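Here's the structure, in structure tokens; my notes come after.
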Amino acid sequence: MTYDVIVIGGGPSGLMAAISAAEHGAKTMLLEKGSKLGKKLAISGGGRCNVTNRLPQEEVIKHIPGNGKFLYSAFSIFNNYDIIDFFENMGVALKEEDHGRMFPVSNSAKSVVDALIHKLSELHVTVKMNTKVEAVHYDDSMHTVILSDGKKIDTKAIVIAAGGKAVPHTGSTGDGYAWAKKAGHTITELYPTEVALTSKESFIQNKSLQGLSLREVDLSVLNKRGKSIITHRMDMIFTHFGVSGPAVLRCSQFVVKELMKGQRKVPMILDALPEMKETQLLQDILNMMDESPKKAFKNVVKGIVPERLLTYILTQNEVNEEQKCANVSKETVRSIVQMIKNFTFDVHGSLPLEKAFVTGGGISIKEIVPNTMQSKLMHGLYFCGEILDIHGYTGGYNITSALVTGRLAGMNAATGI
Ligand SMILES: Cc1cc2nc3c(=O)[nH]c(=O)nc-3n(C[C@H](O)[C@H](O)[C@H](O)COP(=O)(O)OP(=O)(O)OC[C@H]3O[C@@H](n4cnc5c(N)ncnc54)[C@H](O)[C@@H]3O)c2cc1C
């Protein structure tokens, strides 16, 4: 049996590609090596399936720091608002949460995946589960997909949607890179993004701050000249190995890239009170001290930042629990304020790619036609999703990229044959 389009991989990009190819009249087959479709999609957004993001297109692209600009032409054909319509037209009502994140009203990832599966069956897409693609053979007119049991299937066009290498138990084990290479494609260096960071700092090693979570802080990454590369205002947490949480995940790719340049450590600065200017904070504390010289300093500044952070900062400045305001020098107060506003620490690495949310690097976008997702090097070959050298922040941006590129790849694989 010969197919018009074979899509390899049943993640969001492959599901969308198969639907789009079939909608454009192609006899389509979807191959998935696992026993479930959309496994990673289902665990996104804390297991409630963060299908896309409602921010304006320009903002969505800004939140895809890994080659998001490549998506401009794709977005002019199918964008995040089209994704919302796509799901709503299938009967999946969506709701907006913080930072524009879109979730199913049902809060159930299953409702999203089930709707996609239903659509595949409505469009008569042949879906083969537990079917691992071993290799791909490219030929002048037709291509052949070779399965792990030795079976061969001919097709006019192939869409490779096999994902990256993050969280491999979901099925994304990086199989697709070899097939891209075989067609002559360049794979840029792979690295973890949206990943927790490790630190050898003594306060991490001796676990003084382990478990402390901070809300809406400014976290910055510095380059080796001490210049801030990026700042994110979000929550973060100190862990037994380093730092994690949304602000850290967003900063992580910038840290990883600095480490890839050969740096052994990367400085980060935490501003625990970003809404307040340093001079104002200093003045406020000095005023409070003047008003209550006999009160314990700790009690006077209590509540400015979370207690454990405050205790740590006071200890570092050799201010003990009972020390009265009158006995704390202005210099010490200045140093305490400096630490609240500029808590500087080094990070030395990240958790491995397998533990990252998203893969950085992938098939070079220079070799892909931006408005069709077609390979510039091989006829009848298309790519979509995380296998491409495109990566965004969590918050629906990667899924948006997967669905948009999947839409284009499927559509053009169907019509370009
Ligand atoms: C815990 C977690 C939370 C996340 N949360 C978010 C979030 O909130 N927002 C966001 O934007 N992104 C999030 N992401 C990232 C997002 O889920 C991925 O970027 C997205 O799923 C990528 O889609 P994809 O279709 O390219 O690949 P995948 O979803 O990885 O799908 C690839 C599929 O290909 C199949 N496959 C691989 N090799 C073969 C083969 N040889 N033969 C057959 N099939 C094969 C795999 O089994 C898999 O089903 C999260 C990721 C994780 C791990």
Side-chain angles (χ1 to χ4, degrees), residues 6-18 29-53 60 63-64 66 68 80 83 97-103 109 112-113 116 127-136 145-149 153 158-179 192-196 246 249-250 353-360 362-363 373 383-407 409-410:
I6 288 186
V7 178
I8 310 174
S13 67
L15 290 163
M16 180 57 108
M29 178 183 244
L30 173 65
L31 301 173
E32 167 55 51
K33 74 174 170 189
S35 58
K36 276 188 183 156
L37 294 169
K39 213 169 165 187
K40 202 176 260 185
L41 174 66
I43 59 172
S44 71
R48 290 186 303 127
C49 210
N50 184 188
V51 288
T52 189
N53 194 292
V60 172
H63 285 76
I64 307 180
N80 47 327
I83 294 174
E97 293 195 0
D98 58 328
H99 306 281
R101 297 188 302 156
M102 297 299 289
F103 289 91
V112 172
V113 178
L116 292 165
V127 180
K128 293 272 184 216
M129 312 291 298
N130 301 307
T131 304
K132 182 174 184 234
V133 173
E134 199 59 57
V136 170
V145 172
I146 301 146
L147 306 182
S148 57
D149 63 6
I153 317 166
I158 297 179
V159 176
I160 298 181
K165 270 188 127 174
V167 190
H169 74 80
T170 58
S172 332
T173 45
D175 302 5
Y177 300 119
W179 314 327
T193 76
E194 300 298 293
V195 67
L249 296 185
R250 290 206 169 186
L353 180 49
E354 292 70 32
K355 294 217 164 119
F357 283 69
V358 181
T359 312
I363 298 169
M373 296 301 133
F383 297 98
C384 53
E386 204 177 302
I387 194 167
L388 292 166
D389 182 9
I390 299 175
H391 59 89
Y393 298 134
T394 49
Y397 305 103
N398 296 286
I399 294 167
T400 300
S401 164
L403 293 171
V404 168
T405 54
R407 185 80 199 167

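Note that the coordinates shown come from a computational prediction; the quantities given were computed from them, not determined experimentally. Worth knowing before you read on, the calculation uses all heavy atoms, side chains too, and leaves out hydrogens, waters and symmetry mates. Indexing begins at 1, ligand by ligand and atom by atom, following the structure's order.
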Among all protein heavy atoms, pick out the one at the shortest distance from [atom]; state its residue, atom name and that distance to 0.1 Å.
atom: atom 27 (O) of ligand 1; answer: G163 CA, 3.4 Å
atom: atom 19 (O) of ligand 1; answer: E386 OE1, 2.5 Å
atom: atom 24 (P) of ligand 1; answer: S13 OG, 3.5 Å
atom: atom 23 (O) of ligand 1; answer: P12 CG, 3.3 Å
atom: atom 53 (C) of ligand 1; answer: V167 CG2, 3.4 Å
atom: atom 3 (C) of ligand 1; answer: F357 CD2, 3.4 Å
atom: atom 16 (C) of ligand 1; answer: I399 CG1, 3.9 Å
atom: atom 17 (O) of ligand 1; answer: K40 CG, 3.6 Å

Just distances here: any N/O of [X] and N/O of ligand 1 closer than 3.5 Å?
X: G396; result: yes
X: K36; result: no
X: K33; result: yes
X: V133; result: yes

Validation row: [X], [Y] side chains within 4.5 angstrom (heavy atoms):
X: S172; Y: E386; answer: no
X: M29; Y: V145; answer: no
X: I158; Y: W179; answer: no
X: L116; Y: L37; answer: no
X: I6; Y: V133; answer: no
X: V136; Y: I8; answer: yes

Could you list the atoms of ligand 1 found under 4.0 angstrom from a heavy atom of [X]?
X: G385; answer: 26 (O)
X: W179; answer: 40 (C), 41 (N)
X: K132; answer: 41 (N), 42 (N)
X: Y397; answer: 11 (O)
X: G45; answer: 5 (N), 7 (C), 8 (O)

Below 4.0 Å, non-hydrogen atoms only: which portion of [X] touches ligand 1? Side chain, backbone, both or neither.
X: T131; value: backbone
X: F383; value: neither
X: N398; value: both
X: D175; value: side chain

Between T173 and K33, is any side-chain donor less than 3.5 angstrom from a side-chain acceptor?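 Distance-only check passes for T173 and K33.
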
Looking only at heavy atoms of E32, does any of them come nearer than 4.0 Å to an atom of ligand 1? yes

Does A166 come within less than 4.0 angstrom of ligand 1, counting non-hydrogen atoms of the residue?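 No; A166 lies far enough from ligand 1 that no heavy-atom distance drops under 4.0 Å.
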
Work out which heavy atom in [X] is nearest to a heavy atom in [Y]; give both atom names and the distance.
X: M129; Y: G34; result: CE-O, 3.6 Å
X: L388; Y: F383; result: CD2-CB, 3.7 Å
X: S13; Y: A161; result: OG-CB, 3.4 Å
X: G38; Y: V113; result: O-CG2, 4.1 Å

When you look at NZ of K165, are more than 12 heavy atoms from neighbouring residues, nucleotides or ligands closer to it than 6.0 Å?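 Not buried by this count: 12 neighbours or fewer within 6.0 Å.
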
Between N50 and T52 (side chain of the first, backbone of the second, donor and acceptor by atom type, cut-off under 3.5 Å), is there such a pair? yes

Going by the angle between their ring planes, with limits at 30° and 60°, are Y397 and H63 parallel, tilted or perpendicular?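 Rings of Y397 and H63: parallel, as their planes differ by under 30°.
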
